[in-house]
Amino acid sequence: MNVVLITIITLSALGALAAVILYFVAQKFKVYEDPRIDQVEEVLPAANCGGCGFPGCRAFAEAMVTSDDISNLYCPVGGADVMSLAAKIVGKEAAASAPQVAVIRCNGTCDNRPRTNTYDGAENCTIVATLYGGETGCSYGCLGLGECVDACHFDAMYMDEKTGLPVVIEENCVACGACVEACPKDIIELRNIGPKSRRIYVSCVNKDRGGPARKACSVACIGCGKCEQVCAFDAITIKDNLAYIDYDKCKLCRKCVEVCPTDAIHEINFPARKPKPAAKKPAAETATDKKPTAAKTAAAAKTEAAPKTESKEKPAAPKAEKKETIAGEVDQKKQTEKKTPAKDERSAKKSGLSDAKDKPEEK
Amino acid sequence: MLKTFSLGGVHPAENKLSAGKKIEVLPIPAQVSIPIAQHIGAPSAPVVNKGDSVKVGQLIAKSSGFVSANIHSPVSGTVFRIDNVLDASGYKRQAIIIKVDGDEWDESIDRSQELKKEITLSPEEIIKKVGEAGLVGLGGATFPTHVKLSVPPGKKAEVLIINGVECEPYLTSDHQLMMEKGDEIMVGTQILMKALKVDKAIIGIENNKPDAIEHMSKLAAQYEGITVQSLKVQYPQGGEKQLIDACIGRQVPSGKLPIEVGAVVQNVGTTYAVYEAVQKNKPLFERVVTVTGKSVKNPGNFLARIGTPVTALIEAAGGLPEDTGKIIGGGPMMGKALASTDVPVTKGSSGILIMPDEMSKRKETQPCIRCSKCVSVCPMGLSPYLLMTVAEKAMWDRAEEEDVMDCIECGSCSYTCPSNRPLLDYIRLAKGTVGQIIRSRNK
Amino acid sequence: MSTLIISPSPHVHSGDSVKKNMYGVIIALLPALAASLWVFGLGALIVTVTAIAASVLFEYLIEKYLLKVPSTISDGSAVITGLLLAFNLPSNLPIWIIIIGALVAIGIGKMSFGGLGNNPFNPALVGRVFLLISFPVQMTTWPKPMVNIGTYLDATTGATPLSIIKEGLKNGDKLTDLLGKIPSFADMFLGEMGGSAGEVAALALLIGFAYMLYRKIITWHIPVAVLGTIAIFAALLHWANPEAYAGPLFHLLTGGAMLGAIFMATDYVTSPMSKKGMIIFGVGIGVITILIRVFGAYPEGMSFAILIMNAFVPLIDRYVKPKRFGEIVK
């Protein structure tokens, strides 16, 4: 009995001593932290993805509390809701920011962009990019080895085996920017999701002149400038033979999509277009025949449930729309001529550019 | 006595199929494309425009910085266009395209074949002339020669080493140059010795070229201060740092240049070009290119003008074989696979190797079995297995710690690995990324 | 002509492969296999065949049904694990125990870490030590050499030289007396002594070592470091007290010293990557082996020594780097 009693007393005394020592040490080495940092960290998504530019959510919370001006701080995963909550906690104004999504600006599928050589080496996009321009004639386009997919921590990307291009799953994408960083060809861009998830962008980054670009890929942007002409909102600029749509200025009118001769401009999540009235020429009839098909596929694609992906809409439609363009070009030209006489002068001035389109084999 | 470098190395099959083939002058093509980026450093700035007529040896692009080089026209004719052309880099880069008309040379060039031994210029004048002639390292690295010869203040050159090693399998252009132009190379060596103010030069030649060793040794006896050193056949004997280690027993410290140990290395081809530039006023616009390969009908060494499309070289060697799998610009260890034969010959094109299909495909990669053979063969004493793993995991700070920047990209590790791991692919990725990080850190 | 192939340099390969190295090791082990059959006969044959078959089978089954990855049994590493496991067992070990040993060696020692290249411990030794601790009696009854050619489970047994010396010294006997009870050094060199199936014939093992050096499968560093350290440490002890400690030649020729130094410690996956590291590794094994043999409870310490040093290999690799170019400036 004695032994047990002595043991209990000794151990209790040791425990108490340790507790006292630890208390004083904890007090001496205590680091004061603003309690708001913990509060902000609570409301953050805890993904620790680095999309905000800080190493982890806690670092972002610290920045929120310690910075005087938080207008350039934004958590893409949490979005506007989380930002307003966090801003309230720290008592500062959060910047208003539109939700964004990653966009793959290349449509050089295996069908559109034929392979001219075979790569046999380590399967990493950066390694290929430093070696040469890739397995096709377009040295700007997607290399298809999935470095972007590997970089995504939110399961928002996958490689489509048939097209050889990465696909963004809109529902999962938090616009953290990891894939944008990873891509060695700068093909991926964070763009506004748009009202009702609608957006328009040029799906090409090829800076070669029209001839070589079209030769390498049938849906390349040839820099013809038709989209720039037709845009009433100055949202489109052509630089280095490549069109670019500014997503802040774009009003989603879709005129550029209609006029693009190579279908390089993509529209996402739009309803089917109204079928155009039948024209006199038989060529136009085939055009109207094809339009409902395109509209059907677009509608079918739109009414599909949950993870609707861009590539599903595009490869189905371009073939139909391509044929339609060649036949229906006449149709569209008539339409634009009717509706925008002012633009006629512009197109007359810029005839040089349309000449470029007529000579695809120029070297 | 045979000397060699201290660490690692491998011995790939030599396959010198074009050895002993006399240098053939390749006919001038109808059109040449001269890339403005044929050297290490800033691309040159064109000084001609569309429509200008040019003569052989005329300056067409000017050096645009301290580390840059002049480019001279290899043909006479008219400038057709300045445009982006696919070159050996794998991308389209700016080039001056000239339509050939005749073969009219600039009057200042001395076209006589007699050996001119007397060196009349001062060291500074030599370096200036070498720079004006657009000389770059012809071993493949294409470093501007006049920059290499300009010893930085505080450093002193003690010995000149001439690289006649040609350790890459298949390549024989340097070998043939030594056999046919030995005297000129000796005079070129003396010119370089004068420019560097050294009295000692060693010509390193690998032991698989006994005729070259004998020939050059006999010649060296007639020239003051030049000796020939025969070297063990071990790759990469011709790597600058390894060559210095083998010849004079000094190892260039990590991150430093050869001048740190008092050595300057020049390729024999460059040395010959120095002779031509200084003694004959001839700028650099042509070079010897080996065309070779197991299925090639007529492997040989061809003197080709810069800008000649590779197709012309392949035609001269008997045409593209049916079973071609890869076309490599350079040797099989460090050469670059070409995506098209329309690529032009540049100052750095040492050879065109056509590999048959069955030799062109890599075997399947397997996990690392930690055999440490890559560590044993690395001539720089690095750990390639570790560098690949950290590169795959994007651990760039660890890669820098493990001295990835010291890698000379010789390829011995990938060559040896029993699991066929793409070691060099990932090490190059690490070098590129870490290099960028270092550059942005130093800004 | 089909499209051109583009790949980064280098564009040639030495032709070396995992298979070539593994089969080279198997060939190097053949002299020892022949010796084990000559010394221990049928028992050795059964143990060897069972161990190899079980190892290969378990690797195949685990890869096909548990891990669902392509089978790697053709690269020869499972065969080597089985062969080396067999060489570490007494030749009268029952089949069911051998199968358990193979399961532990392959399943736990190799596959649970991710297969070839990922295991920190030598798989054959993991299996062997597991069996030694789980079945101490069966694992320490050794068939007598040369007299059990046609027998297996019914072999006549006797003590190994190591255990004779160890027990004798513990009882206070003098070393010189004990040496008379064990085979001569010449006999031990040829393998005529008790012990595990493959560890007895030093000559055969050395022939295997020479072959592996010639084929450039291993370098001399680890075996020389292990054996050298054993010899030097044993010599020091023997010089300090010749009657209490056996000399270097005894320690080199008995137990698993030769087998361990040449074939177990040199396993690619579990040994260091730099030459300096290999020497440190070898010295460590030598020191621990002698410590266990002389001062520890077991008569033989090689298997434990190797496993302990295997645990240090990642640390050795982290801090001991190969000789770098540029370190010497004359």
Side-chain angles (χ1 to χ4, degrees), chain B residues 6-7 10 12-13 169 241 245 249-254 261 320 322 324-328 332-340 355 357 359-363 366-373 375-376 378-383 385 403 406 409 411 414-420 422 424-425 428, chain C residues 1-22 24-25 69-70 72 75 77 114-120 216-219 221-222 266-278 313-314 317-318 320-330:
Chain B
S6 328
L7 291 176
V10 290
K241 297 185 177 167
D245 184 20
R250 296 184 199 166
Q251 295 188 354
V252 178
S254 165
V261 296
L320 196 65
E322 270 300 304
T324 299
K326 259 190 210 178
I327 301 178
I328 298 166
M333 294 298 285
M334 289 182 75
K336 210 155 172 206
L338 302 174
S340 146
M355 210 161 240
D357 211 31
M359 286 176 67
S360 299
K361 297 194 189 77
R362 288 186 175 186
K363 294 211 191 78
Q366 289 177 296
C368 173
I369 58 169
R370 308 187 69 77
C371 65
S372 76
K373 289 189 186 195
V375 178
S376 306
C378 178
M380 297 304 288
L382 304 173
S383 303
Y385 76 96
D403 298 310
D406 280 351
E409 298 184 32
S414 291
Y415 174 83
T416 304
C417 181
S419 292
N420 292 289
L424 187 57
D425 296 4
R428 257 195 290 251
Chain C
M1 194 193 81
S2 51
T3 51
L4 284 176
I5 298 173
I6 314 288
S7 59
S9 64
H11 306 281
V12 283
H13 189 263
S14 60
D16 200 5
S17 65
V18 177
K19 222 187 245 189
K20 273 197 191 149
N21 284 294
M22 293 297 152
V25 174
V69 296
T72 58
D75 66 13
S77 55
L116 185 64
N118 296 309
N119 46 297
K216 294 208 172 86
I217 296 174
I218 60 170
T219 56
H221 299 78
I222 294 179
T266 54
D267 174 45
Y268 282 156
V269 182
T270 54
S271 54
M273 302 290 275
S274 58
K275 301 295 190 294
K276 252 185 276 186
M278 289 177 186
V313 166
D317 278 339
R318 180 68 179 91
V320 181
K321 293 293 168 187
K323 179 140 73 135
R324 292 288 318 287
F325 186 91
E327 280 175 357
I328 311 163
V329 181
K330 289 196 197 133

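Given the structure is predicted, the values throughout are model-derived calculations rather than measurements. Letters A, B, ... are given to chains in the order of the sequence lines, protein chains preceding strands, and every chain is numbered from 1.
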Q: Tell me, for Pro379(B) versus chain C, whether the close heavy atoms (under 4.5 Å) come from the side chain, the backbone, both or neither.
A: backbone
Q | Nearest-0.5 Å distance, NZ of residue Lys326(B) to CG of residue Leu4(C) | A | 10.5 Å
**Q.** Partner residues of Ser383(B) under the side chain to side chain contact (heavy atoms under 4.5 Å, CB included) criterion, sequence neighbours left out
**A.** Val375(B), Tyr385(B), Leu386(B), Pro322(C)
Q. What are the two closest heavy atoms between Arg370(B) and Gly117(C), and how far apart are they?
A. CD-O, 3.7 Å
(Q) Checking the side chain of His13(C) only, and the main-chain atoms of Cys417(B) only, is there a donor and an acceptor separated by less than 3.5 Å? (A) yes
Q) Where is the tightest heavy-atom contact between Ser372(B) and Met278(C), given as atom of each residue plus distance? A) OG-CE, 3.6 Å
Q: Among Ser360(B), Pro169(B), Gly335(B), single out the residue with the greatest number of heavy-atom pairs under 4.5 Å to chain C.
A: Gly335(B)
Q | Least distance between heavy atoms, Arg324(C) atom then Gln251(B) atom | A | O-OE1, 4.2 Å
Q: Check side chain to side chain contact (heavy atoms under 4.5 Å, CB included) between Cys378(B) and all other residues, then give those that pass, not counting sequence neighbours.
A: Met380(B), Leu382(B), Pro384(B)
**Q.** Approximate separation, where rounding is to 0.5 Å, of Cys368(B) SG and Asn118(C) CG
**A.** 9.0 Å
Q) Once you round to the nearest 0.5 Å, how far does OG1 of Thr324(B) lie from CD1 of Ile5(C)? A) 10.5 Å
Q: Please look at Lys19(C) and chain B and tell me whether the side chain, the backbone, both or neither of the residue comes under 4.5 angstrom of a heavy atom of that chain.
A: neither
**Q.** Separation of Ile6(C) CD1 from Leu338(B) CG (nearest 0.5 Å)
**A.** 7.0 Å
Q: Could you pull out the closest heavy-atom pair between Lys216(C) and Lys373(B), with the gap in Å?
A: O-NZ, 3.5 Å
Q. Between Phe325(C) and Lys241(B), which heavy-atom pair has the shortest distance, and what is it?
A. CZ-O, 3.4 Å
Q: Give, for atom OG of Ser17(C) and atom CD1 of Ile369(B), the distance between the pair rounded to the nearest 0.5 Å.
A: 9.0 Å
Q | Considering all heavy atoms, the nearest Ser7(C)-Arg362(B) contact | A | CB-NE, 4.2 Å
Q.
Quick one: does any side-chain atom of His11(C) pair with a main-chain N or O of Met333(B) as donor and acceptor, under 3.5 Å?
A. no
**Q.** Any Leu116(C) side-chain heavy atom under 4.5 Å of Gln366(B) side chain
**A.** no
(Q) Does Ser376(B) form a side-chain hydrogen bond (donor to acceptor under 3.5 Å, both in side chains) with Lys275(C)? I'd like the steps, not just the answer. (A) CA-CA 8 Å; Ser376(B) 306; Lys275(C) 301 295 190 294; 3.1 Å; yes
Q. Among Gly411(B), Pro12(B), Pro332(B), which has the most heavy-atom pairs under 4.5 Å with chain C?
A. Pro332(B)
**Q.** Within-4.5 Å side-chain heavy-atom neighbours: Pro10(C) and Leu424(B)
**A.** yes
